[in-house]
Amino acid sequence: MDLPSYTPADAPVPAGTVVVERASTPQDIGPKLNRTAADVVRFLMQQGEMVTATQSLSDDMIELFAAEIGAEIRLVDPGEEQEVELQRLLEMDEDVSDAVYESWPHRPPVITVMGHVDHGKTKLLDQIRNANVVAGEAGGITQHIGAYQVVRDGRAITFVDTPGHEAFTAMRARGADATDIVVLVVAADDGVMPQTVEAINHARAAEVPIVVALNKIDRENADPNRVRQQLADNDLVPEDWGGETIVVECSALQNLGLDDLLENLLVVAELEDLRSTDDGRASGVVLESHLDIGRGPVATVLVQKGTLRVGEPVVAGAAWGRVRALITDVGEQVREAGPSVPVQVLGLSEPAVAGDRFVVAPDEKVAAKVASTREHWKRVANLGREAHAMAGGAKLEDIFTQIQAGETATLNLIVKADVTGSLEAVTESLRKLERDDVKLSFVHRGVGGITENDIQLAAASNATILGFNVRPDRKARELAETEHVEIRTYEIIYKLLEDIENAMLGLLAPEFEEVVTGEAEVREVFRVPRVGAVAGCMVTSGVITRNSKVRFLRDGTIIWKGAVASLRRFKDDVREVAAGFECGVGLSDFQDLKSGDIIETFEEREIPRT
C-alpha cells in the first residue's frame, strides 16, 4: 500500500532554534516541530527507514526530518536541556532585588560549631540540645556531620556539628559554606591549636562572623587572658580588648555561660539580618547521607529557601526521587520543612553526595533525566581515572621497595565508608599524604559494605581496599583470599592514615590479622524479661563461641562491637554452636536487633612482617 505523500506546508514551522534530545522518538519530536508522530513516521518510511512512533531515532533521521520541513534544531544529550532549565530556574529563584529580600521574613540562623579535637565541642552541643551523642563514637571524635535545631526565647537556632579532627577538613569547609555564624570552641586550658587556626581560616573563607566559646573555664589551669592573646595574634581581637570578636567564657561540663552564648548568637543573627522565603521551589544543601537497610538511601539536608514537602520530586547531584518522608532531628515525621530547617529525606534513588545542592524539580521526569545526565558525566570522568589506575600500581607492602629503587610508586586504592561524609574526609586526608615519589590513585570510592564487585575491581586494577566503619561479607572475604586482594578495615581515621604513611616509610608494624571464627544470621528477635533482646540465629559458617569478640553488621556496615554474653541451644547454656545449627545469642550491651542482621565472631592473631 502506498503511503500518502508528506506535505511540509501542513503546519507552520516553529520559529527560532528548537532544542531536541538525541535518541528522541517520533512521539517526542512531532509536537516540538508542530507535527504529529504519524507525520515523522510517514516521512521516514518514504526515505526507506521503517520506524515506529516509539522508536529512538538516530541523529541523521532527526536532522533529515527537520531539514525537510525547514526547521532549525539543536541536538543535545539526554537530560542536558533539563539541566540547563533547572539551573535557569535556580538562578531566577536566587536573583532577587534588595527590596524583595527585605520583604522576606527573618529565618533561624544556621550555626556551625568548630574547634580543635578534645576542646569540648560535642559536649557543648550536648548541653545545648540536652542529648548525649558522645558515648558511641569511636575514639571520642565526631565522625559525621549532624544538624540539630533548638529554641531559645521562642526563636529557633539551627546547629551544624562538624568533626574536630584535622583529617575532616573537607567536611568542616562544607559546614562553613552552609552556615551563617561560626562558633569557635577553644579550651581555656589548652589555647589556640593548629586545628583552631584551620577552623578560623575556613570561617573567613566562607565570610561569616565568628563567635568564640572559651570553654573549660572551670579548669584549675585555665588561662583566658593567654587564649585572648592567641586569638588576637590570629586577628580575632576580643570585644573587651577593643576588637570586634565576641568571646563568651563557658563550661560545657558545668553548664556555665551557655545562656550567654545563645543570647550573643541571636544578637549576631539579628545584625546579620538573615532572611528567606518559605514560598516557591525548595533548595538547599546535602549535609550527610547514608544507606539504611530498612529505609533505603537517607539524606540529611538543610533547606535554605522555599518549603520542602512530602511528595515533591527532588534532585541532588546524581540522586533523585520523590520525597517519601521528612524526619526532624528529634525523629518526628513532618509534612514540610522551611528555611534553616534540617531534615532527613527518604525516597532518593541513591545516597546523595554530601555538599551537593538539592532542588525541587518541576516533575519526576525532569529530576530523573537531570540525575541520569549527571551520573553519565560522572562515569565518563571516572573511566578516565580508572584507565589511568589500571595501567599500573603497587600493593601497600611493595610501596617502599619501589621508592627505594628510585621509581615513582602509584598506590591504587578502593575506599569504602559507612556514610558520604566519612568517605570524603578519608579521601581528602589520604590525598594530603601524596609525595613526589608516591602517587595515590582512587580506583573507586563508595558508600556501604565491601562487596564482591569491589574485590573483582581491586583484583583487576591491583588495588588495596580500605574500609572505614564497614566490613566485607563472607563471600567477599572468600573471593579476596582467592584473588589475593588486600583488605584493610578501620574504625578510627588516625590508624588508617598512620598505616598508609608507615607503608610509604617502610615502617609497617607487625600486622594483627583478624580471623573470622564464626558467622550467624539473625532469623528472629525475642524479648526476654530482665534479660532484654535475644537473637534467634542460624550459624551459617564456622563456630560461634561464648565470650568471643563479636561484630554486629547491618548491610555490611559495623553498627556495634562487643562480646557474646550468652549462648543457648534450646533451653541449655552451651559453650559453642557449629555451622548448620540454630542458637539463641545474647550480646553484652546491645539491644537494637533486627531480622537479617549478621553476627560475626573473630579473634586477632599477630603476623610478624618478614
Side-chain angles (χ1 to χ4, degrees), residues 117 139 141 143 162-174 194-195 197-199 201-202 205 353-355 378 380-447 450 454 457-470 485-509 511 609:
V117 67
I141 299 168
Q143 310 234 340
T162 60
H165 185 262
E166 65 182 352
F168 288 64
T169 302
M171 290 173 71
R172 186 153 59 219
R174 184 175 62 248
Q195 288 165 350
V197 175
E198 218 174 78
N201 292 338
H202 284 308
V353 176
K378 196 165 84 175
V380 169
N382 284 340
L383 278 174
R385 287 197 289 271
E386 275 182 32
H388 173 71
M390 303 259 184
K395 291 278 188 185
L396 203 55
E397 286 91 343
D398 307 332
I399 282 288
F400 187 63
T401 315
Q402 283 199 12
I403 298 167
Q404 280 191 315
E407 300 171 18
T408 298
T410 300
L411 178 60
N412 289 340
L413 297 173
I414 290 174
V415 184
K416 296 298 289 284
D418 54 343
V419 293
T420 52
S422 299
L423 183 66
E424 188 179 336
V426 168
T427 307
E428 289 307 312
S429 308
L430 287 168
R431 282 199 173 113
K432 288 183 183 175
L433 299 181
E434 275 196 323
R435 310 193 319 230
D436 290 341
D437 51 1
V438 184
K439 300 294 177 196
L440 298 181
S441 177
F442 295 94
V443 177
H444 172 63
R445 304 181 307 127
V447 172
I450 297 164
D454 297 324
L457 182 55
S461 57
N462 199 26
T464 300
I465 296 177
L466 302 179
F468 187 71
N469 272 342
V470 294
V485 168
E486 184 179 16
I487 303 173
R488 289 172 172 263
T489 56
Y490 303 89
E491 287 167 59
I492 297 176
I493 199 163
Y494 301 120
K495 306 273 190 212
L496 186 154
L497 300 179
E498 220 172 64
D499 263 16
I500 304 298
E501 206 160 17
N502 286 341
M504 292 178 179
L505 299 170
L507 299 172
L508 275 178
E511 190 182 345
R609 294 204 173 273

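- Looking at Ile414 and Thr464, their side chains never come closer than 4.5 Å, going by heavy atoms from C-beta outward.
- Taking the side chain as every heavy atom from C-beta outward, Ser429 and Ile493 approach each other to under 4.5 Å.
- When side chains are defined from C-beta on, Phe468 does not count as touching Val415, because their heavy atoms never get closer than 4.5 Å.
- The distance from the CD atom of Glu498 to the CG atom of Leu433 is 11.0 Å, given to the nearest 0.5 Å.
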From CA spacing to verdict: side-chain contact (heavy atoms from CB on, under 4.5 Å), Glu486, Ile465: CA-CA 6 Å; Glu486 184 179 16; Ile465 296 177; over 6 Å; no
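- Between Thr427 and Arg445 the shortest side-chain heavy-atom distance falls below 4.5 Å.
- Between Leu411 atom CG and Ser441 atom OG the span is 9.0 Å, to the nearest 0.5 Å.
- Using a 4.0 Å cut-off between charged nitrogen and carboxylate oxygen, Lys432 and Glu434 do not count as a salt-bridge pair.
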For Asn412 and Phe442, what are the C-alpha separation, side-chain angles and deciding distance, and is it a side-chain contact (heavy atoms from CB on, under 4.5 Å)? CA-CA 6 Å; Asn412 289 340; Phe442 295 94; over 6 Å; no
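- Minimum interatomic distance between Val485 and Ala463 (heavy atoms only, all atoms of both residues): CG1-O, 4.3 Å.
- In summary, of the residues considered (Val419, Ile450, Val447), a side chain to side chain contact (heavy atoms under 4.5 Å, CB included) with Val470 occurs for Ile450 alone.
- A distance of 11.5 Å separates CD in Glu501 from CG in Leu496, rounded to the nearest 0.5 Å.
- Side chains of Tyr490 and Val426 form no contact here, defined as non-hydrogen atoms less than 4.5 Å apart.
- For the pair Leu466/Ile500, a side-chain contact is recorded, criterion being any heavy-atom separation below 4.5 Å from C-beta on.
- Taking the side chain as every heavy atom from C-beta outward, Lys416 and Asp454 approach each other to under 4.5 Å.
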